[in-house]
Amino acid sequence: MARGDGRLSHDLLPGEKGPQDACGVFGVWAPGEEVAKLTYFGLYALQHRGQESAGIATGDGEKILVYKDMGLVSQVFDEAALSSLRGHIAIGHTRYSTTGGSTWENAQPTLGGSHGTTIALAHNGNLINTVELREMVDDHFAGGRVTGELARGNTSDTALVTTLLTADPDKTSEQAALDLLPKLRGAFSIVFMDEGTLYAARDPWGVRPLALGRLERGWVVASETAALQTIGAAVIREVEPGELIAIDGDGLRSHRFAEPTPAGCVFEYVYLARPDAVIRGRVVHEARVEMGRVLAREHPVDADLVIGVPESGVPAAVGYSQESGIPFGQGFVKNAYVGRTFIQPSQTLRQLGIRLKLNPLEHTIRGRRLVVVDDSIVRGNTQRAQIRMLREAGAAQIHVRISSPPVQWPCFYGIDFASRAELIATGLGVEEIRASIGADSLGYISENGMIGATGQPRGSLCTACFTGRYPIELPEDGRIGKHVLETLPLEVRTGHDRSIDTDAEGVPIGVGVGGSGALDHP
């Protein structure tokens with residue numbers, strides 16, 4: 001009988017991580033309501049978008065208080081902390097780091113201010129002109145001492161934006177935002193507040209989602225519609241690309257700071273967003289089920305059972321089952337109570353093949369020919385471990401189906417994929433990947449099939465991680481990457497369309513884009 005090899009399985013493999021989610025932002029303006037608690041529950045609904053740190057800022061018209069720390073929303077806040085956050089305006093953030101490391105200094109909301117005006121800000125996305133913004137800050141301080149979050153060691157693009165919003169004491173927050181937002185390049189869905197007003201803004205490309213909701217006594221904005229519904233708010237509409245919204249005692253005001261050129265992230269439909277989220281009129285769950293149907297048409301196989309890898313692979317597995325007629329079943333049991341763990345198992349425990357998050361359901365899969373549906377393959381280590389587990393449990397055949405095309409390019413707009421050197425699809429074809437992960441067959445959905453399932457026009461989606469075509473042109477000097485403000489970036493050749501970076505024989509050249517993080521080898 002096959003035995004475990006002593007390695008952790010699923011996403012607890014040593015050094016292994018899948019595509020890490022963008023952050024989650026939330027904002028509420030609601031006099032008479034417990035805005036800190038509304039924000040807490042809104043962030044709880046957005047926890048899947050970031051698990052490194054969480055924070056809430058509240059304002060009562062005179063002052064702003066910020067409470068933030070490392071950890072999950074439920075670990076950072078308790079009743080006493082929430083009770084101390086009083087006021088009628090609040091913003092919140094749950095973070096996965098995409099610019100700046102995972103440290104307390106980089107937790108959000110960020111805080112800044114000068115001459116009687118304070119701003120707290122939370123950001124979902126990633127800016128690509130961070131170095132340019134840093135130069136703007138340096139010019140403002142003209143060689144003097146930098147103050148605020150930057151002086152306290154914050155190395156995020158969010159801290160730069162917060163500093164620049166409060167740089168001119170003669171401008172209102174609204175005026176400062178309308179001047180600064182057109183200068184930001186990259187992906188940003190942001191919520192921010194001063195003592196009396198809640199603001200929300202979205203980049204002209206609309207890369208990351210941002211939705212507007214209505215309470216009986218106020219307004220709410222959130223990264224996903226599911227967070228609005230969690231607190232009982234009615235979904236009104238999405239914040240439009242290139243739009244700034246201001247909400248205060250005079251009502252809601254909308255400003256257009258840039259013309260929209262929509263390029264929404266297709267990976268929100270594949271993996272990032274909650275299944276019950278609605279993005280541009282399309283329910284994410286329905287899109288994922290349709291991706292599974294497309295997979296069944298594009299890559300049919302004779303099998304006994306279709307199973308999905310929890311959680312993001314399950315809707316596509318349902319669709320594959322519906323289209324193929326092969327029964328759908330539960331092949332894995334997931335421990336819903338395991339969050340992030342920092343406890344490393346001893347060698348003895350490792351030799352026992354400890355599996356903290358995922359176990360195969362042996363009596364269901366033994367002797368069966370399986371179709372295993374997952375959302376993506378990044379390095380391949382996770383799928384390799386899953387297939388090993390299923391074979392140990394007695395699966396007769398394992399046919400892997402992936403509801404996105406091969407991931408071949410890094411994302412600079414808010415998803416922290418592995419570097420290009422680590423992406424398994426960069427150097428291997430489909431058959432080579434199949435052999436590497438140990439599957440009997442492997443099929444990826446086509447780009448056309450994935451886009452069709454979203455119900456969106458091709459021209460309104462960003463597919464850069466699959467195609468190398470970046471809708472927001474990257475800096476020509478290559479000064480970009482997660483730690484661009486922490487280390488000197490390497491100079492690399494850049495351009496707009498990375499899909500054509502090949503040598504004379506058609507072999508991709510290097511990584512093509514990215515700062516030091518994208519150039520790291522495994």
Exercise for review: Take L295 and S403, measure what side chain to side chain contact (heavy atoms under 4.5 Å, CB included) needs, and give me the verdict at the end.
Suggested key: CA-CA 7 Å; L295 263 175; S403 60; 4.1 Å; yes
Review point. Stepwise, does the side chain to side chain contact (heavy atoms under 4.5 Å, CB included) test hold for F26 with I231?
Key: CA-CA 11 Å; F26 187 90; I231 66 162; 3.6 Å; yes
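W29 is linked by a side-chain hydrogen bond (donor to acceptor under 3.5 Å, both in side chains) to nothing, counting only residues two or more places apart in sequence or in another chain. With sequence neighbours left out, the ring pair (Phe, Tyr, Trp, His ring centres under 6.0 Å) criterion links F77 to Y67. In terms of the ring pair (Phe, Tyr, Trp, His ring centres under 6.0 Å) criterion, residue partners of Y199 (sequence neighbours excluded) are, by chain and number, F192. With sequence neighbours excluded, the residues forming a ring pair (Phe, Tyr, Trp, His ring centres under 6.0 Å) with Y40 are Y44, listed by chain and number. Among residues two or more places apart in sequence or in another chain, the salt bridge (Lys or Arg N to Asp or Glu O under 4.0 Å) test is passed with E240 by none.
Across all their heavy atoms, G455 and R282 have their closest contact at N-NE, 4.4 Å. The two residues A227 and A45 make their nearest non-hydrogen contact at CA-CB, 3.8 Å.
Checking side-chain atoms of E243 against main-chain N and O of S254 turns up no donor-acceptor pair under 3.5 Å. With T162 contributing its side chain and L111 its backbone, the two residues share no donor-acceptor pair below 3.5 Å.
Between D157 and F188 the shortest side-chain heavy-atom distance does not fall below 4.5 Å. Between Q386 and V400 there is no side-chain heavy-atom pair separated by less than 4.5 Å. Residues L160 and L127 are not in side-chain contact: their nearest non-hydrogen atoms beyond the backbone lie 4.5 Å or more apart. By the 4.5 Å heavy-atom criterion applied to side chains, I89 and V35 are not counted as neighbours. E33 is not listed as a side-chain neighbour of V28, based on a closest heavy-atom distance of 4.5 Å or more. With a 4.5 Å cut-off on side-chain heavy atoms, I307 and V371 do not count as touching.
Between R253 and E174, at least one side-chain N (NZ, or NE/NH1/NH2) sits under 4.0 Å from a carboxylate O, which counts as a salt bridge.
Each of V66, V73, L43, I91 was scored for a side chain to side chain contact (heavy atoms under 4.5 Å, CB included) with I56, with one residue passing: L43. Under the side chain to side chain donor-acceptor pair (under 3.5 Å) rule, N381 has a single partner from R379, Q383, R384, which is R384.
Sorted pairs that involve residues 122-131 and meet salt bridge (Lys or Arg N to Asp or Glu O under 4.0 Å), not counting sequence neighbours, are lacking altogether.
Between the side chains of T463 and R469, no donor N or O sits under 3.5 Å from an acceptor N or O.
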